[in-house]
Asker: 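Sharing a structure below in structure tokens format, with a few things to ask.
The shown structure was predicted, so the numbers you read here are calculated from the model rather than taken from an experiment.
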Amino acid sequence: MISLLSIVVLTYIVLMMGINFAILGYILRKEYLNRRAVLFLLSIILYMGVESISLGYIIFYHGSPFIEPVVLLLASIPIIMSAIIKSEVVRVRSNKLSAFLLAFSIVFDEIAMGYLYASAFGPHIFNPFIDAVSNIAFGIMMLADGVFFLLISRVKSIIEFSLTTFAISMAFLPSIFIESGKLTELVVSFISTIIMIINIVTLYLIEIKRVTLQGQLFSITLAFFDFLMMLGLTTFASFNDMWLISLSIVLSMIWYFILIFYEIPPRKIEMKLRYPFIFLVFVNLAELTMGFGESVLGFTISNSIFSSMQSHMAMKHGMIMMRSPFTNPLWWLFPINPLGMGLMFIHTNINIILKAIFTSYMFVMATTMTPFYVIMMGAEMSYLVYERYKHAKNLGVKRWVLVILLGIPIFVVLIPYYTNFYIFGMSGMIFPVTLLPFIISLLAVVIASMLFGRRAYCNAVCMSAHMWTNIFYDQFKPKKSSKVWEYLRWVFVIPMIVAFSLYILMEIHLWTPPKIGMTALDPLNFYGMFVLNYIWWIFYFLTPVFGTYSCARQGWCGFGTFAGIFNKVFFKIKANEVEICKSCEVKACDSSCPVKIPISQDVITKGYSNRISCVGCGDCVEACPYNNLEIVDITNYLGKKSHIAS
């Protein structure tokens, strides 16, 4: 039963939050205030904070009552300063010092109220600081902050919405629900992830649309704090460490309130490469750590709740489980343990250089191949692909964008991949890949590429479609290419052929794979995971350096080159009137091509372009100022036959 004292504590916290919102709302609505008034209001906020700490310490920890006059004296410092400083009216949102002091005071007050709640209701399992920011009351305060400041904002733009989702995502971090049970932790982590995904999408949109100091600072700094929080989630999920996730929440809240109270000048800036590059680094790190942390957390919690007695015994004795058994209803979402796979090579008897290479490879690969990570990234990038759909003018390009949006969800769930691991999803678990499904998968890619060109793989199935086929990445199209890649692409095909051949020999028992430690080196899995879950993501991180579709332009994805061979059957980029291309001086098709194919030269020479490296993105068709180019594939031939028959 809830005691009278507990009711008093809850009432006090609610009342203090109400006073906080009244003060903060007054400051934001008034906008221009006397410096002395700002300091006076700061002291009121600090009084509430120190009083919360005093109540919790004296009543629930039986501390000395003499602490109260001491902390009240410290909270009086702003009022004392207000009597000394010059009386001057300032615009609060243009004053950096005022914004910082307000942000610090509010976060201190909310930590203090969290401490009071933890003192009365728990948790009491860590230290006072961690307990203060690891309870439901603190989460509710962050949720209320996000909603309140969105409601009172004068202009509800994408920036305000991004700030709101940033604050609300913190309110559902699993560390806040540490005493609510493992299942609750898992559910709220899902909620936090969904809100974080929305937040990251808004950051991409700000980065695209706001070429201002304000926009760039917002997107870059919030991406950094998203990464910091997800790094905290990773240490929490992997080692049950509460320090980093607690500190990340507090630092993120301070920055959140600084952005609320300080209006960054929205002046135009020159969009240099360093801004999107820094943004991409932080966003990609946030996505990787979120995928890793959530996958480890989900794997650990779901198996502790749903798995068999054998799994429970293994976890009880400190053994790291590697795979979820089918008894776990969430095995399809958390089939593997990225932490266990990452630690796999640490204890092997190989030299330190190989150990470092294989360990980093396993950590990155084990994260990027998990279904949770693929779903998360697919959700983010799908919206950005939708942005491309909204901007596309050519009907054929619009239709193909819809194919991209539908292609990956269908592929990763229903169609066996050419490896039985989780390269881009869970299909290998549903349909375990043996020799027959492997051959069927290859035939499916060959037939689809013959009918629709390489884009059937590189633009509808491969994750690059979601990653690079959107407005944001258009700014990273390379300016030029090199003929060297045209020759090297065939060199990169050789490891694929070797891996596929060794796999076939292994399946028909003519070759035995070597072992690294206790792990057999399956050539098919190793090649697929190394290229698609390791090398690919390194190039994705470095998109501003290597440009979009580096896999196709530089040809390091051997399987993409293999699919591109079948561009020669039906697929081509065709000119309606070659004479128009001959007289064109703009050559927008060439500059728009992310693979840097000399499309105009091909069209002028033979009326069309159908090179192996073409991914069929349709950018050249969209860019043509004369609307003179079109994509031709099997649908055009079928359409012509249907027209003749009618």
Asker: Please determine, by modelled atom types, if Glu263 and Ser94 share a side-chain donor-acceptor pair under 3.5 angstrom.
Answerer: no

Asker: Donor-acceptor pair, Lys477 side chain versus Thr548 backbone, under 3.5 Å?
Answerer: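 Absent.
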
Asker: Nearest 0.5 angstrom please: Lys572 NZ to Ile631 CD1, how far?
Answerer: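 Here the interatomic distance stands at 13.5 Å.
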
Asker: Are the ring centres of Trp255 and Phe224 closer than 6.0 Å?
Answerer: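 Ring centres of Phe224 and Trp255 not closer than 6.0 Å.
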
Asker: Check the surroundings of atom OH in Tyr262: do more than 12 heavy atoms from other residues, nucleotides or ligands lie under 6.0 Å from it?
Answerer: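 Result for OH/Tyr262: enclosed.
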
Asker: Using modelled atom types and a 3.5 Å cut-off, is there a donor and acceptor pairing between side-chain atoms of Lys479 and backbone atoms of Ser591?
Answerer: no

Asker: Any luck finding a side-chain donor-acceptor pair between Ser583 and Tyr626 under 3.5 Å?
Answerer: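 No - no donor-acceptor pair under 3.5 Å links their side chains.
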
Asker: Take Asp474 and Arg388 through the side chain to side chain contact (heavy atoms under 4.5 Å, CB included) test and state the conclusion after the steps.
Answerer: CA-CA 10 Å; Asp474 280 350; Arg388 163 58 61 87; 2.6 Å; yes

Asker: Does Asn567 use its side chain to pair, donor to acceptor, with the backbone of Cys614 at less than 3.5 Å?
Answerer: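 At least one qualifying donor-acceptor pair exists.
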
Asker: Would you say that more than 12 heavy atoms from the other residues, nucleotides or ligands in this model lie under 6.0 Å from the CD of Gln475, or not?
Answerer: yes

Asker: Rounded at 0.5 Å granularity, tell me how far CD in Glu630 sits from CG in Asn394.
Answerer: 9.0 Å

Asker: Do side-chain atoms of Ser192 reach the backbone of Ser169 as a donor and acceptor pair under 3.5 angstrom?
Answerer: yes

Asker: Does a side-chain heavy-atom distance below 4.5 Å link Thr561 with Phe492?
Answerer: no

Asker: Using a distance-only test with no angle check, is there a side-chain donor-acceptor pair under 3.5 angstrom linking Ser613 and Trp485?
Answerer: no

Asker: Are any side-chain N or O atoms of Glu622 and backbone N or O atoms of Lys393, one a donor and one an acceptor, separated by less than 3.5 Å?
Answerer: yes

Asker: Hey, are Asp633 and Arg455 close enough for a salt bridge, meaning a charged N less than 4.0 Å from a carboxylate O?
Answerer: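 Yes, this pair counts.
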
Asker: Please indicate whether Lys390 has more than 12 foreign heavy atoms, meaning atoms of other residues, nucleotides or ligands, lying under 6.0 Å from its NZ.
Answerer: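 Yes, NZ of Lys390 has more than 12 neighbouring heavy atoms, counting only those of other groups under 6.0 Å.
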
Asker: Please round to the nearest 0.5 Å and tell me the distance separating atom CD of Gln214 and atom OG of Ser219.
Answerer: 10.5 Å

Asker: Can you check whether Ala456's main-chain N or O pairs, donor with acceptor, with Asn459's side chain at less than 3.5 Å?
Answerer: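 Such a contact is absent between Asn459 side chain and Ala456 backbone.
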
Asker: Taking Arg611 for the side chain and Ile599 for the main chain, is one N or O donor matched with an acceptor at less than 3.5 Å?
Answerer: no

Asker: Could you check whether any side-chain N or O of Arg454 sits under 3.5 Å from a backbone N or O of Ile612, counting only pairs where one atom can act as donor and the other as acceptor?
Answerer: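 Yes; at least one donor-acceptor contact below 3.5 Å.
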
Asker: Verify the distance criterion only: is there a donor paired with an acceptor across the side chains of Ser153 and Glu160 at less than 3.5 Å?
Answerer: no

Asker: Check Met230 against Thr289 and note the closest heavy-atom contact, atom names and distance.
Answerer: CB-OG1, 3.1 Å

Asker: Quick check, are the ring centers of Phe562 and Phe566 under 6.0 angstrom apart?
Answerer: yes

Asker: Taking it one step at a time, do Glu486 and Lys483 satisfy salt bridge (Lys or Arg N to Asp or Glu O under 4.0 Å)?
Answerer: CA-CA 5 Å; Glu486 294 298 323; Lys483 286 189 176 181; over 6 Å; no

Asker: I'd like to know whether the aromatic ring centres of Phe279 and Tyr204 sit less than 6.0 Å apart in this structure.
Answerer: yes

Asker: Check the side chains of Tyr549 and Tyr473 for a donor-acceptor pair under 3.5 angstrom, ignoring hydrogens and angles.
Answerer: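 Side chains of Tyr473 and Tyr549: no pair found under 3.5 Å.
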
Asker: Going by distance alone, is a donor N or O of one side chain under 3.5 Å from an acceptor N or O of the other, for Ser592 and Asp619?
Answerer: no

Asker: Between Trp536 and Trp468, is the ring centroid distance below 6.0 Å?
Answerer: yes

Asker: Within 45° of the ring axis of Tyr389 and under 6.0 Å from its six-membered ring centre, is that where the NZ or CZ of Lys398 lies?
Answerer: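 Output yes; distance and angle both within limits.
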
Asker: Which heavy atom of Ser382 sits nearest to which heavy atom of Leu405, and what is that distance?
Answerer: O-CD2, 3.4 Å

Asker: How many angstroms lie between CZ in Arg399 and CD1 in Ile404, if you round to the nearest 0.5 Å?
Answerer: 15.0 Å

Asker: With a 4.5 Å cut-off on side-chain heavy atoms, are Asp226 and Asn199 touching?
Answerer: yes

Asker: Going from CD on Glu287 to CD1 on Ile197, what distance comes out if it is rounded to the nearest 0.5 angstrom?
Answerer: 9.0 Å

Asker: May I ask you to check whether Phe530 and Tyr361 place their ring centers less than 6.0 Å from one another?
Answerer: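 Between Phe530 and Tyr361, the centre distance is under 6.0 Å.
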
Asker: Less than 6.0 angstrom separating the ring centers of Phe559 and Tyr527, yes or no?
Answerer: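 Distance test on ring centres: not under 6.0 Å, no.
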
Asker: Do the side chains of Tyr256 and Phe225 get nearer than 4.5 Å, heavy atoms only?
Answerer: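 No, every pair of side-chain atoms sits at 4.5 Å or beyond.
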
Asker: To the nearest 0.5 Å, how far apart are CD in Glu207 and CD1 in Ile278?
Answerer: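 Atom-to-atom, Glu207:CD and Ile278:CD1 are 10.0 Å apart.
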
